[in-house]
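Contents: one structure, followed by commentary.
Quantities reported herein were computed from a predicted structural model and do not represent experimental measurements.
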Amino acid sequence: MRPKRFVSVGAKGTGVPVIRDASELTAEWLTLAFRFRGHLAKDGTIDEIKKKPIGEGQGEYGDLSLLTVVKATGATDSMPTNMIAKM
C-alpha cells in the first residue's frame, strides 16, 4: 500500500521523466529522482554510479540491475546507496 499523498516518480509535474530501459538509468536521472524524493539538497548531485546487470537472461518479464551510488554531493543520511532496479 502506498503512503498517503504518494506521488510516483515520472508523474506529471515531478520533473522526473519515465525511463524505458536500464541504459537511461544514469547519474543525472538519479539526481532528479533523489532531489524529488528529498534525498538530495536542491543543488545536490549524484556524481558517480556503478550499474551491473544481475540475473542476465533470467528475467521473464524484465531486466534487473544492481545500482551503487559511488559519489554524491549534498546527500542526506537517509539516501539509499545500493538498490536494485527492475526494468
Side-chain angles (χ1 to χ4, degrees):
M1 173 162 277
R2 291 183 177 168
K4 291 181 180 179
R5 290 178 265 156
F6 180 86
V7 178
S8 295
V9 169
K12 186 176 180 180
T14 63
V16 184
V18 174
I19 57 176
R20 290 168 176 56
D21 61 49
S23 68
E24 297 180 51
L25 195 53
T26 63
E28 292 79 15
W29 186 87
L30 282 172
T31 295
L32 294 173
F34 283 167
R35 282 180 186 164
F36 174 70
R37 289 287 183 223
H39 294 299
L40 284 175
K42 289 184 181 190
D43 60 347
T45 57
I46 301 297
D47 303 311
E48 183 182 350
I49 64 169
K50 286 185 183 179
K51 183 170 45 173
K52 177 184 172 186
I54 56 176
E56 196 166 359
Q58 302 295 316
E60 188 171 335
Y61 296 108
D63 296 322
L64 299 173
S65 295
L66 174 63
L67 299 174
T68 303
V69 176
V70 176
K71 183 178 177 189
T73 304
T76 66
D77 291 338
S78 66
M79 186 187 85
T81 56
N82 295 293
M83 62 213 84
I84 294 177
K86 181 176 182 180
M87 308 301 288

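Heavy atoms only, all atoms of each residue included: A72 and I46 are closest at CB-CD1, 3.9 Å. The shortest non-hydrogen separation linking L32 to V16 is O-CG2, 3.6 Å.
Without hydrogens or angle criteria, R35 side chain to L40 main chain gives no donor-acceptor distance under 3.5 Å.
Distance OG1/T14 to CZ/R37: 8.5 Å, rounded to 0.5 Å. In this structure, CG in L67 is found 6.0 Å from CG in L30, a value given to the nearest 0.5 Å.
Atom NZ of K50 has 12 or fewer neighbouring heavy atoms from other residues, nucleotides or ligands inside a 6.0 Å radius.
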Between side-chain atoms of residues 77-87 and protein atoms elsewhere (two or more places apart, or another chain), which donor-acceptor pairs fall under 3.5 Å?
| residue | atom | partner | partner atom | Å |
| --- | --- | --- | --- | --- |
| S78 | OG | H39 | ND1 | 3.4 |
| S78 | OG | T76 | OG1 | 3.1 |
| N82 | OD1 | T68 | OG1 | 3.1 |

Residues 17-26 side chain polar contacts: donor-acceptor under 3.5 Å, at least two apart:
| residue | atom | partner | partner atom | Å |
| --- | --- | --- | --- | --- |
| D21 | OD1 | S23 | N | 2.9 |
| D21 | OD1 | S23 | OG | 2.3 |
| E24 | OE2 | R20 | N | 3.4 |
| T26 | OG1 | E28 | N | 3.4 |
| T26 | OG1 | E28 | OE1 | 3.3 |
| T26 | OG1 | W29 | N | 3.1 |

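Residues that satisfy the side-chain hydrogen bond (donor to acceptor under 3.5 Å, both in side chains) test with T45, not counting sequence neighbours, are D47.
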